[in-house]
Amino acid sequence: MSNPQTIPMFRRGYRLQWEEVQNCHVILYPEGMAKLNDSATAILELVDGKRTLADIIQVLNDRFPEAGGVDNDVQDFFAQAREQKWIILRDPA
């Protein structure tokens, strides 16, 4: 489990963007792009370099109460996003 005070940030050269041609949000990066589903978009839209992992989880739990808690799903997603090199996890100061 990641430290809840860790701050997710996009790697340099990576960004979230709506792609009209794809009709979805994508991660753009120097080597190409990756299409995102709605869940990935909902999570990544909250990555601003200021919110902690705990903040993001709280916002999503508040936004989607019917999900019954998204904590593990969000942590799993960030682990995968980190493996894909989309984001880095900065330790709190």
Side-chain angles (χ1 to χ4, degrees):
M1 179 170 141
S2 296
N3 176 345
Q5 296 309 308
T6 297
I7 300 171
M9 301 171 57
F10 285 102
R11 280 183 168 275
R12 170 172 265 144
Y14 288 64
R15 72 176 188 265
L16 176 67
Q17 174 175 307
W18 173 259
E19 191 65 38
E20 194 66 41
V21 175
Q22 302 292 331
N23 195 35
C24 67
H25 280 90
V26 299
I27 292 284
L28 289 178
Y29 50 94
E31 299 85 29
M33 74 174 186
K35 292 170 76 170
L36 301 174
N37 64 26
D38 291 341
S39 297
T41 298
I43 296 168
L44 290 174
E45 284 179 325
L46 297 173
V47 173
D48 61 6
K50 297 175 184 138
R51 287 186 178 107
T52 65
L53 182 58
D55 295 336
I56 292 170
I57 288 170
Q58 185 62 56
V59 168
L60 293 168
N61 277 327
D62 291 346
R63 191 178 293 168
F64 303 106
E66 68 281 357
V70 299
D71 303 49
N72 291 336
D73 293 333
V74 171
Q75 288 192 23
D76 291 347
F77 174 82
F78 276 120
Q80 291 175 358
R82 191 173 179 197
E83 285 178 25
Q84 294 293 324
K85 301 195 185 320
W86 297 348
I87 59 140
I88 57 172
L89 298 174
R90 190 182 75 201
D91 288 328

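One is the number of the first residue; the rest follow in order along the sequence.
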Can you tell me how far NZ of K50 sits from CE of M9, rounded to the nearest 0.5 angstrom?
10.5 Å
Approximate separation, where rounding is to 0.5 Å, of H25 NE2 and M33 CE:
13.0 Å
Would you compute the distance between atom CD1 of I43 and atom CG of L53 and round it to the nearest 0.5 angstrom?
10.0 Å
Starting at CG of N23, measure out to NZ of K35 and round the result to the nearest 0.5 Å.
9.0 Å
Tell me the closest heavy-atom pair linking A54 and Q5, and the distance in Å.
CB-NE2, 4.1 Å
What distance do W86 atom CH2 and L44 atom CG have between them, rounded to the nearest 0.5 Å?
7.0 Å
Exam field: side chain D55 to backbone T52, donor-acceptor pair closer than 3.5 Å
yes
Please tell me if the side chains of L16 and L36 come closer than 4.5 Å, counting only heavy atoms from C-beta onward.
yes
Rounded to the nearest 0.5 Å, what's the gap from CG on L89 to CD1 on I7? Could you check?
10.0 Å
Would you check, one step at a time, whether the test side-chain contact (heavy atoms from CB on, under 4.5 Å) holds for I57 with Q75?
CA-CA 9 Å; I57 288 170; Q75 288 192 23; 4.1 Å; yes
Which pair of heavy atoms, one from P30 and one from G13, lies closest together, and at what distance?
CD-O, 3.4 Å
Could you go through the side chain to side chain donor-acceptor pair (under 3.5 Å) check for Q58 and D62 one step at a time?
CA-CA 6 Å; Q58 185 62 56; D62 291 346; 2.8 Å; yes
Provide the closest heavy-atom pair for V74 versus L60 in the form atom of the first, atom of the second, distance.
CG2-CD1, 3.6 Å
Group every Ile, Leu, Val, Met, Phe, Trp and Tyr by side-chain heavy-atom contacts under 4.5 Å, then state whether I88 and I27 land in the same group.
no
Does any non-hydrogen side-chain atom of F78 lie less than 4.5 Å from one of I56?
yes
Under the criterion side chain to side chain donor-acceptor pair (under 3.5 Å), I'd like the reasoning laid out for D38 against T41: C-alpha separation, chi angles, the key distance, then a yes or no.
CA-CA 5 Å; D38 291 341; T41 298; 5.4 Å; no
Would you please classify the geometry between the Y14 ring and the Y29 ring as parallel, tilted or perpendicular, with 30° and 60° separating the classes?
parallel
Using a 6.0 Å cut-off, check whether atom CZ of R82 has over 12 heavy atoms from anything other than its own residue.
no
State plainly whether one hydrophobic cluster holds both F77 and F64, where clusters connect Ile, Leu, Val, Met, Phe, Trp and Tyr through side-chain heavy atoms under 4.5 angstrom apart.
yes
